[in-house]
Amino acid sequence: MGSGGVTNHGTNNTEERSLKKTGKPNSKVQRYRYGKLVQERWYDNNGNAIRNRDYSHSGPYPFPHDHIWEDGERGTEHLSPDYENFN
């Protein structure tokens, strides 16, 4: 990642049903559904997912919220968004 959580290699947009576990190193993907932002995912310098931000999905969760990725798996804990490091 660049300074302040800004990606070095840009932000890509998609309307795919789900985001991939791997992507372009040091990038972010934003997923839209019917023109509305529903999820973001950040990738580390190896192209592995490191963080998600969910804006909408089923369930009684506060939105937005973040999930940390470790060892190729998304954590289940709903975290407060880390806007300082991931924006």
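Sequential numbering from 1 along the given sequence is applied to the chain's residues.
Annotation: the span from His78 atom NE2 to Tyr61 atom OH amounts to 4.5 Å, rounded to 0.5 Å. Rounded to the nearest 0.5 angstrom, Phe63 CZ and Tyr55 OH are separated by 12.0 Å. Here the straight-line distance linking atom CG of Asp44 with atom OG of Ser27 works out to 9.5 Å at 0.5 Å rounding. Here Arg31 contributes atom CZ and Asp54 contributes atom CG; the two are 8.0 Å apart, rounded to the nearest 0.5 Å. Here the straight-line distance linking atom OG1 of Thr22 with atom OH of Tyr43 works out to 7.0 Å at 0.5 Å rounding. Atom OG of Ser80 sits about 10.5 Å away from atom NE2 of His65, to the nearest 0.5 Å.
In this view, Glu70 and Ile68 satisfy the side chain to side chain contact (heavy atoms under 4.5 Å, CB included) rule, not counting sequence neighbours.
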Q: Report the C-alpha separation of Thr11 and Gln30 in whole Å, then their side-chain angles, then the decisive distance to 0.1 Å, and conclude whether the side-chain contact (heavy atoms from CB on, under 4.5 Å) test is met.
A: CA-CA 7 Å; Thr11 300; Gln30 295 179 314; 3.6 Å; yes
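In terms of heavy-atom proximity, Asn52 sits nearest to Trp69 at OD1-NE1, 2.9 Å. Taking all atoms of both residues into account, the shortest heavy-atom contact from Leu37 to Glu40 is CD1-CG, 4.1 Å.
At distances below 3.5 Å, at least one donor-acceptor pair connects side-chain atoms of Arg41 with backbone N or O atoms of Lys20.
No side-chain heavy atom of His67 sits less than 4.5 Å from a side-chain heavy atom of Thr76. Here the side chains of Val29 and Asn13 are not in contact, with every heavy-atom distance at 4.5 Å or above. Using a 4.5 Å cut-off on side-chain heavy atoms (C-beta onward), Thr14 and Gln39 make no contact.
A cation-pi arrangement is present between Arg53 and Tyr83 under the rule of less than 6.0 angstrom and at most 45 degrees off the ring axis.
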